[in-house]
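Below is one structure; the comments refer to it alone.
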Amino acid sequence: QLVESGGGLVQAGGSLRLSCAASGRTFSTYTMAWFRQPPGKEREFVASARWTGTHTYYTNSVKGRFTISRDSAKNTAYLQMNSLQAEDTAVYYCAAEEYGLGTSDERRYDSWGQGTQVTVSS
């Protein structure tokens, strides 16, 4: 089970940190990812952190602004979002794939959270 938290309303230029708490699994063997679904659009890949701890991946639009991390001791993944823009407004989802490579293909992920709303006001 994955449970996201940390969403909310923030002004453009502000920051938020999303958390994804995992339970019922061996967290250390799961690649964690964040996806988002903007209003009226398809869900899209944001970032991923490979289970080995050696690789992280980002979609181009968030590079340099967002940072994905994971804390195995807390069974939690994070998405630090800085310099937020109106275009970042979306429902953000956490996803997991055991021994995953960190792909941007959402079909590879078999566990999903319920989503958390992030709204950036301009």
Side-chain angles (χ1 to χ4, degrees):
Q1 181 182 9
L2 303 176
V3 179
E4 302 100 333
S5 61
L9 174 65
V10 63
Q11 289 187 334
S15 298
L16 281 176
R17 188 177 79 157
L18 305 182
S19 298
C20 174
S23 61
R25 64 186 67 237
T26 306
F27 183 79
S28 61
T29 63
Y30 279 79
T31 287
M32 303 301 294
W34 289 94
F35 289 78
R36 67 186 180 186
Q37 187 167 19
K41 297 184 178 180
E42 297 290 315
R43 189 159 58 187
E44 62 185 18
F45 172 80
V46 176
S48 63
R50 197 180 287 185
W51 67 278
T52 55
T54 56
H55 294 79
T56 57
Y57 304 95
Y58 298 91
T59 192
N60 286 339
S61 63
V62 308
K63 284 181 181 178
R65 299 189 299 122
F66 290 12
T67 302
I68 187 171
S69 61
R70 49 187 298 145
D71 185 338
S72 293
K74 296 183 178 180
N75 283 6
T76 301
Y78 302 97
L79 185 67
Q80 177 67 43
M81 306 186 294
N82 298 328
S83 302
L84 283 161
Q85 305 166 356
E87 306 85 79
D88 297 316
T89 294
V91 177
Y92 283 72
Y93 297 90
C94 175
E97 179 193 6
E98 191 170 24
Y99 300 117
L101 296 178
T103 178
S104 60
D105 184 352
E106 66 173 67
R107 295 171 297 180
R108 299 290 302 179
Y109 296 89
D110 52 15
S111 296
W112 291 82
Q114 81 289 349
T116 185
Q117 177 70 47
V118 172
T119 302
V120 184
S121 63
S122 57

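Every heavy atom of this structure was used, including side-chain atoms; hydrogens, water molecules and symmetry mates were not.
Contact detail for S15 and S83: the closest heavy-atom pair is OG-N, 4.3 Å. When all heavy atoms are compared, the tightest approach of A12 to S122 is CB-CA, 4.2 Å. For the residue pair G115 and E4, the shortest heavy atom distance occurs at N-OE1, 2.9 Å. Closest approach of L2 and S111 over heavy atoms only: CD1-O, 3.5 Å. What you find for A47 and Y58 is that their closest heavy atoms are CB-CD2, 3.6 Å. Taking each heavy atom of T76 and A21 in turn, the nearest pair found is OG1-CA, 4.1 Å.
Under a 3.5 Å cut-off, the side chain of T116 and the backbone N or O of G7 do form a donor-acceptor pair. No donor-acceptor distance shorter than 3.5 angstrom exists from the side chain of E98 to the backbone of Y30, with no hydrogens or angles considered. Side-chain atoms of T103 come within 3.5 Å of backbone atoms of D105 as a donor-acceptor pair (strictly under, hydrogens ignored). Side chain of T31 to backbone of R50: no donor-acceptor contact under 3.5 angstrom is found.
Within 6.0 Å of CZ in R108 there are 12 or fewer heavy atoms belonging to other residues, nucleotides or ligands.
Considering OG of S5 and CG of L18, their distance stands at 8.0 Å, rounded to 0.5 Å. Remark: R70 CZ to I68 CD1 distance equals 8.5 Å, nearest 0.5 Å. Atom-to-atom distance recorded for Y93:OH and Q37:CD is 5.0 Å, nearest 0.5 angstrom. We find the CE-OG distance between M32 and S72 to be 10.0 Å, quoted to the nearest 0.5 Å. Here CD of Q80 is found 12.0 Å from CZ of R65. Values are rounded to the nearest 0.5 Å.
The distance between the ring centers of F35 and F45 falls below 6.0 angstrom. Checked against the 6.0 Å centroid criterion, the rings of Y92 and W34 do not qualify as a close aromatic pair.
Y57 and L79 end up in different hydrophobic clusters when Ile, Leu, Val, Met, Phe, Trp and Tyr side chains are linked at under 4.5 Å. Both F66 and V10 belong to a single network of hydrophobic side chains, linked directly or stepwise wherever heavy atoms of I, L, V, M, F, W or Y lie under 4.5 Å apart.
With hydrogens and angles left out, the side-chain atoms of T119 and Q117 include a donor and acceptor closer than 3.5 Å.
Under the 6.0 Å distance and 45° angle rule, R43 counts as a cation-pi partner of W112.
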